[in-house]
Amino acid sequence: MRDRFFGVPSVVGFAAAVAIFGLAALSDAGQGPAQFPSYRAPRTADGHPDLNGVWQAFTTANWDIQDHEAQAGPHTELMGAYSAEPAGQGIVVGNEIPYQPWALAKKKENFAKRLTADLSRDDTWHETGDPEFKCYMPGVPRATYMPFPFQIVQGPGDILIAYEYASTTRTIRMNFNGEAPVDAWMGWSRGRWEGDTLVVDVTGLRAETWFDRTGNFHSDALHVVERYTPLSPYHLQYEATIEDPKVFTKPWKMSLTLYRRMEKNVQLLEFKCVPFTEDLLFGPFSKVSK
Amino acid sequence: MKRFTHFTLAAALVVVVALPVLVTAQAAKPAPRPAAAAAKNWTQPRTPWGDPDLHGTWNNATSTPLQRPGGVAGKEVLTTDDDVSEFAAGLAYDLTRDRRDGGAQVDVNRAYNEHWMDPKRLEITADRRTSLIIDPPDGRIPPLVPLTREREQRKAARDAATRRFNDGLPASYFDGGMPMRCIIRTDRPPYLPIIYNNTFQIFQSPGYVVINVEMIHSARIIPVDGRPHIGKSMNQWLGDSRGRWEGNTLVVETTNFRPDDGVVYGDADPETFKLTERFTRVNEKTINYTFTVEDPRTWTRPWTAMIPWNKTDDLLFEYACHEDNYDMVHLLSGARAREKEAAAKREPK
């Protein structure tokens with residue numbers, strides 16, 4: 001902030017004025033890291049920034065990663081305002097997702113069938129329904145901005161990210177050379193440090209995960225590069241570059257802030273959601289449910 | 001790509017392993033505890049912040065049974081190579097493996113399991129014990145306490161569900177139990193070896209030890225910072241774990257288990273069940289893992305088992321169970337088809 005505004009007296013004057021009134025943060029809203037003074041994170045014994053902690057995104061991106069107005073949710077006749085989705089500013093840099101034409105149509109179809117689960121045939125098992133609706137692992141990067149905390153465990157060796165949602169986990173293999181040996185819902189993550197940033201290269205992702213509840217999706221060619229950069233003791237900047245030549249015309253980016261959960265007793269609790277979906281998924285094949 | 005949904009037979013095996021069997025009391029002389037002392041010329045490594053370093057990937061597979069078989073009663077440790085070979089060969093034979101002497105259906109089932117068998121599952125523990133149980137000294141689960149009427153009824157309902165499942169007639173997804181429903185599998189402590197996926201990766205950070213269990217992808221996050229347990233009104237499938245260091249040993253106590261059937265080890269009563277686990281690294285390649293369970297409503301005395309965890313270079317892979325649980329639909333659909341068939345036979349047109 002200081003560098004950009006120095007030498008422009010009228011702006012400095014304005015900045016000083018808003019600071020006096022406690023409004024400084026507003027002047028730079030939405031511009032990411034620039035709103036923070038430069039920060040050097042505490043180091044672990046091996047000299048890298050210490051990312052340990054319980055973190056959470058505070059966005060509505062799990063509903064829609066793009067800009068969206070508030071809207072009614074499903075079954076308002078039963079759910080009323082309980083199922084409504086709040087408005088939110090998207091996390092897609094530039095807001096546009098460069099879909100190939102067929103893929104944009106597929107996204108719309110995904111949305112229309114997001115609450116349709118049909119497990120009656122193996123070969124179409126995963127064709128409809130938001131994976132979250134069925135309590136499937138959310139994939140990367142969706143796990144990051146679901147409305148649940150996650151914990152980064154950074155000690156000697158690999159880094160673990162444990163997510164509260166569905167008790168999902170993911171190992172960031174540090175200095176692992178080689179390709180993903182097998183496809184997985186959470187992919188295969190290889191980590192390295194670039195200065196203060198943990199860069200995670202994720203491949204081997206299953207085709208079936210979505211980016212949000214509106215049906216934004218990808219193929220099995222998805223390649224995600226994540227960047228975790230400490231901004232303060234309490235904030236991480238998170239960026240994900242999304243590359244998938246089967247679905248998009250060019251790579252695109254997400255950007256959001258992660259917040260440290262500060263409660264003294266904070267811990268991940270269980271959200272094992274299988275029991276919440278069994279009636280939906282397996283009820284049709286059961287003689288009795290519950 | 002290959003999906004990890006091969007659990008029809010394995011699920012049954014998990015149930016067998018997880019449930020204690022009723023045993024007759026045996027006369028046995030008191031046995032000395034197996035040596036668990038740290039190796040000479042080896043120093044316990046420490047994390048940069050000073051905790052004993054347990055991090056890495058470990059495998060707890062062994063053929064040594066939880067309870068000492070009758071044939072080796074009174075022999076807590078085998079002394080000769082011949083005895084070890086004979087014992088290990090017998091145990092390996094008794095596992096559900098390919099051996100072509102049970103008739104077509106049994107042979108096919110065994111061959112199927114052979115494919116998934118963890119080879120480390122065919123070796124007895126390096127210390128040549130004849131049971132994983134080290135206390136009581138006879139190596140057997142202590143006699144059970146008679147169940148209350150209510151628990152007896154719950155057990156009968158559970159047994160009926162298991163029978164329906166085994167007969168190919170599950171009424172609903174509940175009849176398959178926890179493993180088949182992909183809610184908990186070997187990620188629920190205490191940890192006992194089974195046919196496959198006996199791999200654990202331990203992570204540590206200041207104030208935490210985290211055990212990532214391959215089956216089902218849950219990380220068991222154990223605070224070691226002295227904080228209290230979560231509130232008494234909150235229960236979890238894997239309970240709520242708290243650890244502390246006693247010398248070089250990580251001692252973990254787990255409470256707040258959910259009361260659902262099949263959640264607490266040994267069908268103990270979650271109200272009175274107590275689980276204490278100890279992790280002691282004894283050399284570069286071994287953690288001695290012991291667990292003690294007690295529940296005055298289930299066992300006549302507490303009992304303890306010790307299972308070595310051996311360091312491995314193997315990688316953990318994602319165990320996606322629920323996501324591709326095709327078997328659940330197949331089993332339920334099969335049951336409905338059988339019922340329809342049976343009904344048609346009863347009421348000929």
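Each chain gets a letter, A, B and so on, in the order the sequences are listed, and its residues count up from 1. Note that this is a predicted model, so its numbers are computed, not measured.
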J.: Please classify the contact of B:H55 with chain A as side chain, backbone, both or neither, using a heavy-atom distance under 4.5 Å.
T.: side chain

J.: Hey, are the side chains of B:F203 and A:I159 touching, using non-hydrogen atoms and a 4.5 Å cut-off?
T.: no

J.: Would A:L281 and B:M328 count as a side-chain contact (heavy atoms from CB on, under 4.5 Å) here? Give the steps.
T.: CA-CA 10 Å; A:L281 301 178; B:M328 180 64 95; over 6 Å; no

J.: Is there a side-chain contact between A:P181 and B:F317, using heavy atoms and a 4.5 Å cut-off?
T.: yes

J.: For the residue pair B:Y173 and A:F282, does the interplanar ring angle fall in the parallel (under 30°), tilted (30 to 60°) or perpendicular (over 60°) class?
T.: tilted

J.: Please flag which part of B:I221 lies under 4.5 Å from any non-hydrogen atom of chain A: side chain, backbone, both or neither.
T.: side chain

J.: At a heavy-atom separation under 4.5 Å, does B:D175 approach chain A through its side chain, its backbone, both, or neither?
T.: neither

J.: Write out, in numerical order, the residues from residues 164-171 of chain A with a heavy atom short of 4.5 Å from a heavy atom in chain B.
T.: A:A166, A:S167, A:T168, A:T169, A:T171

J.: Taking atom NZ as the centre, does A:K106 end up with more than 12 heavy-atom neighbours from other residues, nucleotides or ligands that are less than 6.0 angstrom away?
T.: yes

J.: Given heavy-atom pairs under 4.5 angstrom as the criterion, report whether the side chain, backbone, both or neither of B:D225 touches chain A.
T.: neither

J.: Can you tell me which portion of A:C273 sits under 4.5 Å from chain B's heavy atoms? Options are side chain, backbone, both or neither.
T.: neither

J.: Between B:L315 and A:F176, is there a side-chain heavy-atom distance shorter than 4.5 Å?
T.: yes

J.: Need one label for B:R181: side chain, backbone, both or neither, based on atoms under 4.5 Å from any heavy atom in chain A.
T.: both

J.: Does a side-chain heavy-atom distance below 4.5 Å link B:D324 with A:R206?
T.: yes

J.: Select one option (side chain, backbone, both, neither) describing which atoms of B:L238 are under 4.5 Å from chain A's heavy atoms.
T.: both

